[in-house]
Novice: 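Here's a structure for you.
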Amino acid sequence: MAKKIQPRIYKGTRDFLPEQMVKRNYVIGIIKDVFERYGFEPLETPTIELWETLSGKYGEEADRLTYRFTDRGNREVGLRYDLTVPLSRVVAMYPQLPKPFKRYQIQPVWRADKPQKGRFREFYQCDVDIVGSASMLADAEIIAIIFEILNALSFPQFIIRINHRKILSGITEVSGAGLDNELQICRAIDKMDKIGLEGVKQELLQRAIPAPAVDHILEMLSVDGDHKDRLEKTAQYLKNSSVGRQGIQEMQELFRYLEWYRIPQSCLQFDLYLSRGLDYYTGPIYETVVRKPRIGSITGGGRYDNLIGLFSGQDFPATGTTIGLERIITVMEELTMFPPHLRTPVQVLVTVFDDATLPYSIEIARELRAAGIRTDLYTGKSKLRGQFGLANDKGIPFVIVAGPDEQRNHRVQVKNMATGEQRSLPRSELVARLRHLLAQP
RNA sequence: GUGAGUGUAGCUCAGUCGGUUAGAGCACCAGGUUGUGGCCCUGGGGGUCGGGGGUUCAAGUCCCCUCACUCACCCCA
């Protein structure tokens with residue numbers, strides 16, 4: 001035999017073995033179901049995009065993290081960094097798409113990061129976006145769908161943090177720090193959770209924001225009360241900033257809608273410290289955090305009214321979010337939120353006793369499969385012992401034995417692997433019996 | 001890109017002050033059981049101790065280099 005190649009995979013990528021795939025498909029199934037119940041339609045786009053499509057949309061940092069190479073014809077291309085930019089390209093390319101366009105997209109994206117906990121180079125995102133509506137109603141739909149999905153997955157506790165880029169602009173404006181410092185300011189205050197108030201202050205000063213402006217910013221950020229109070233107090237601070245006033249007004253409208261959607265206040269947080277890293281956001285921004293496993297955000301998104309204009313020549317208002325599939329799965333695993341026995345789609349294994357009874361086993365498998373029961377027919381060379389072992393290892397709940405005795409009498413044995421109970425019954429009753437057994441919880 | 005940590009069986013890890021033939025649990029295979037899994041019992045296979053160099057009578061153990069992986073920072077799902 002030739003010298004074997006070390007079986008390895010590229011850093012930050014993963015194989016998903018069947019047992020993991022079953023769990024992933026379970027989560028994806030629930031997410032997709034909610035997407036469609038909210039009237040979103042599916043979309044897929046290519047893995048590879050032209051470099052000009054990807055570059056310069058997200059900001060300097062993200063540009064650096066985008067996989068980039070040249071093809072054999074020396075064309076500059078890259079792997080998609082997210083699903084929002086490809087969507088924007090699609091909207092511009094197919095102007096006939098009816099607006100508002102509501103699409104969902106579940107595909108992997110790539111980032112040339114150093115992997116760590118809950119962070120990969122290849123990972124799935126589940127995006128929902130509404131293109132062509134400037135109304136806060138569209139943002140409310142997105143936030144409602146986030147709430148609905150996390151509920152459907154039985155998340156015990158989560159907070160959807162919400163802020164508005166225009167409010168952040170307003171704060172920058174009235175602080176006297178200079179509007180071109182907005183990005184620096186956002187980055188600093190975004191770290192509030194990690195480094196605390198004093199840390200943020202140092203960070204701001206370090207980023208060459210004048211001390212009086214820093215004090216003013218921190219004062220504005222420290223408003224308290226429920227979100228209505230805080231919006232009003234913030235409005236007072238921002239009364240001399242037209243962009244700030246606009247942000248406040250939109251947020252008030254958004255929260256009014258969210259009330260009508262009956263989303264519990266306890267899941268929502270108007271959070272002035274939220275800023276989000278990507279450059280393209282222009283309006284409300286939102287992300288979801290959980291407290292228990294400390295893992296960063298599990299969803300993230302916002303309004304980006306100017307991004308599509310880069311491809312189209314005309315601006316389309318748009319808003320949407322990413323549902324972070326990988327982190328949701330990580331959280332669900334750590335909190336053991338998956339239903340038990342979620343190991344294999346196979347419902348029954350039909351064993352093969354020997355060559356003489358093989359036709360009988362095949363007939364049984366055919367019948368079960370025709371009846372819509374997910375049936376594995378044993379194709380290996382082990383005796384019954386090994387076949388039961390296989391069913392056990394895979395977590396297949398039922399095993400059929402069809403040996404010479406059963407064949408002669410037109411009967412089968414059905415064994416329940418969980419209870420160990422085994423029963424002989426006429427073959428004619430098998431489908432009904434299995435359907436009954438499989439319907440049990 | 002910056003900093004720290006860890007590399008011993010398929011996996012998780014032990015290995016004393018440097019000392020004879022490197023161990024355990026789990027997993028795997030076979031048998032106990034020629035028509036039945038899990039649990040139990042018996043046996044078995046499996047290791048360039050990440051790689052290279054050095055010190056030493058002697059290195060898994062000490063030193064240097066290198067590679068890989070992990071965690072944190074930055075940023076993000």
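Bear in mind that the values here come from a model prediction, so they are computed numbers and not experimental data. All heavy atoms count here, side chains included; hydrogens, waters and symmetry mates do not. Lettering follows sequence order; numbering is per chain, from 1.
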Novice: For B/G25 versus B/U6, give the span between their P atoms, rounded off to a whole number of Å.
Specialist: 27 Å
Novice: Taking the same atom, P, in B/G53 and in B/U42, what whole-Å distance lies between them?
Specialist: 44 Å
Novice: Cation-pi check, A/Arg343 to A/Phe338: give yes when NZ or CZ is under 6.0 Å from the six-membered ring centre and within 45° of the ring axis, no otherwise.
Specialist: no
Novice: Would you say the side chain of A/Lys383 and the base of B/G35 hold a donor-acceptor pair, judged only by whether the two atoms sit under 3.5 Å apart?
Specialist: no
Novice: State the dot-bracket string of RNA chain B. Criteria: Watson-Crick or G-U wobble, both atom distances under 3.5 angstrom; notation: ( ) intrastrand, [ ] crossing earlier pairs, | interstrand, . unpaired.
Specialist: (((((((..((((.....[...)))).(((((.......))))).....(((((..]....))))))))))))....
Novice: Tell me: CZ of A/Arg343 to C1' of B/G38, nearest whole Å?
Specialist: 11 Å
Novice: Distance only, no hydrogens: is a donor on one side chain within 3.5 Å (strictly under) of an acceptor on the other, for A/Asn306 and A/Thr282?
Specialist: no
Novice: Mark yes or no for a side-chain to base donor-acceptor pair under 3.5 Å between A/Asn392 and B/G37, with no hydrogen or angle criteria applied.
Specialist: yes
Novice: Could you check A/Lys201 against A/Leu218 for side chain to side chain contact (heavy atoms under 4.5 Å, CB included), going step by step and ending with a plain yes or no?
Specialist: CA-CA 8 Å; A/Lys201 187 172 182 176; A/Leu218 292 177; 3.8 Å; yes
Novice: What is the distance from CD of A/Gln206 to P of B/C74, rounded to the nearest Å?
Specialist: 12 Å
Novice: Taking only the C1' atom of each, what is the distance from B/C76 to B/C63 in whole angstrom?
Specialist: 41 Å
Novice: Is the phosphate of B/C71, meaning OP1 or OP2, less than 4.0 Å from a side-chain N or O of A/Gln116?
Specialist: no
Novice: With a 4.0 Å cut-off on heavy atoms, is A/Ala402 in touch with a base, just the backbone sugar-phosphate, or nothing at all?
Specialist: nothing
Novice: Taking only side-chain N and O atoms of A/Lys114, does any of them lie within less than 4.0 angstrom of OP1 or OP2 on B/U70?
Specialist: no
Novice: Check every atom of B/U2, B/G35, B/G37 against the side chain of A/Met417 and return the nucleotide holding the closest atom.
Specialist: B/G37
Novice: Has A/Phe123 got its ring stacked on the base of B/A77, with centres under 5.5 Å and planes less than 30° apart?
Specialist: yes
Novice: Need one value for A/Thr351: base, sugar-phosphate or nothing, where a base atom within 4.0 Å counts as base even if backbone is also close, heavy atoms only.
Specialist: nothing
Novice: For nucleotides B/A68 and B/G50, find the distance between their P atoms and express it as a whole number of Å.
Specialist: 16 Å
Novice: Any base atoms under 4.0 Å from A/Glu406, or only sugar-phosphate, or nothing? Heavy atoms, all strands.
Specialist: base
Novice: Have a look at A/Gly420 and say if it touches a base, only the backbone sugar-phosphate, or nothing, with a 4.0 Å heavy-atom cut-off.
Specialist: base
Novice: Starting from the 5' end of RNA chain B, give me the residue, A/Tyr10 or A/Glu421, whose nearest nucleotide shows up first.
Specialist: A/Glu421
Novice: In whole Å, what separates the P atom of B/G3 from that of B/C40?
Specialist: 50 Å
Novice: Indicate whether the side chain of A/Asn163 and that of A/Tyr281 have a donor and an acceptor atom separated by less than 3.5 Å.
Specialist: no
Novice: Are A/Tyr286 and A/Thr319 linked by a side-chain donor-acceptor pair shorter than 3.5 Å?
Specialist: yes
Novice: Quick one: is A/Arg385 getting a side-chain N or O under 4.0 Å of the B/U36 phosphate, OP1 or OP2?
Specialist: no
Novice: Counting the atoms with a prime plus P, OP1 and OP2 as sugar-phosphate, which does A/Arg64 contact under 4.0 Å by heavy atoms, base, sugar-phosphate, or nothing?
Specialist: nothing
Novice: I'd like to know if the side chain of A/Ser135 reaches the main chain of A/Ser133, judged simply by a donor and an acceptor atom lying under 3.5 Å from each other, with no hydrogens or angles considered.
Specialist: no
Novice: Within 45° of the axis and under 6.0 Å from the centre of the six-membered ring of A/Phe123, does NZ or CZ of A/Arg111 qualify?
Specialist: no
Novice: Between A/Ile298 and A/Leu150, does a side chain to side chain contact (heavy atoms under 4.5 Å, CB included) hold up when you go through it step by step?
Specialist: CA-CA 10 Å; A/Ile298 56 175; A/Leu150 295 177; 4.0 Å; yes
Novice: Distance criterion of 3.5 Å, no angle test: do you see the side chain of A/Gln413 paired donor-to-acceptor with the base of B/U36?
Specialist: no
Novice: Could you state the atom-to-atom distance from CG of A/Leu390 to P of B/C28 in whole Å?
Specialist: 12 Å
Novice: Using a 4.0 Å heavy-atom cut-off, does A/Gln387 contact any base of the nucleic acid, only the sugar-phosphate backbone, or nothing at all?
Specialist: nothing
Novice: Closer than 4.0 Å, any side-chain N/O of A/Lys11 to the OP1 or OP2 of B/C69?
Specialist: yes
Novice: I need the CD1-P distance between A/Ile106 and B/A77, as an integer number of Å.
Specialist: 17 Å
Novice: Using whole Å, report how far CG of A/Asp354 lies from C1' of B/U34.
Specialist: 12 Å
Novice: Work out how far the C1' atom of B/A9 is from that of B/G44, and round it to whole angstrom.
Specialist: 15 Å
Novice: Over all strands shown, is A/Asp405 touching base, sugar-phosphate only, or nothing at heavy-atom distances under 4.0 angstrom?
Specialist: base
Novice: For A/Tyr281 and B/C76, what is the distance between atoms OH and C1' respectively, to the nearest whole Å?
Specialist: 10 Å
Novice: Report the distance from atom CG of A/Leu17 to atom P of B/A27, rounded to the nearest whole Å.
Specialist: 18 Å
Novice: Using a distance-only criterion (donor-acceptor N/O pair, under 3.5 Å, no hydrogens), is the base of B/C74 paired with the side chain of A/Arg187?
Specialist: no
Novice: Taking the six-membered ring for Trp, are the ring centroids of A/Phe40 and A/Tyr104 within less than 6.0 Å of each other?
Specialist: no
Novice: Which part of the nucleic acid, if any, lies within contact of A/Tyr124, taking any heavy atom under 4.0 Å across all strands shown: a base, the sugar-phosphate backbone alone, or nothing?
Specialist: nothing
Novice: Any sub-3.5 Å donor-acceptor pair from A/Gln407's side-chain atoms to A/Ala402's backbone N or O?
Specialist: no
Novice: On a whole-Å scale, what distance lies between the P atoms belonging to B/G46 and B/C29?
Specialist: 16 Å
Novice: Tell me the interatomic distance from A/Ile146, atom CD1, to B/A77, atom P, rounded to whole angstroms.
Specialist: 12 Å
Novice: Side chain of A/Lys191, heavy atoms from C-beta onward: which of B/A77, B/C75, B/G35 has the nearest atom to it?
Specialist: B/C75
Novice: With rounding to whole Å, what would you report as the distance between B/A59 and B/G54 at their C1' atoms?
Specialist: 11 Å
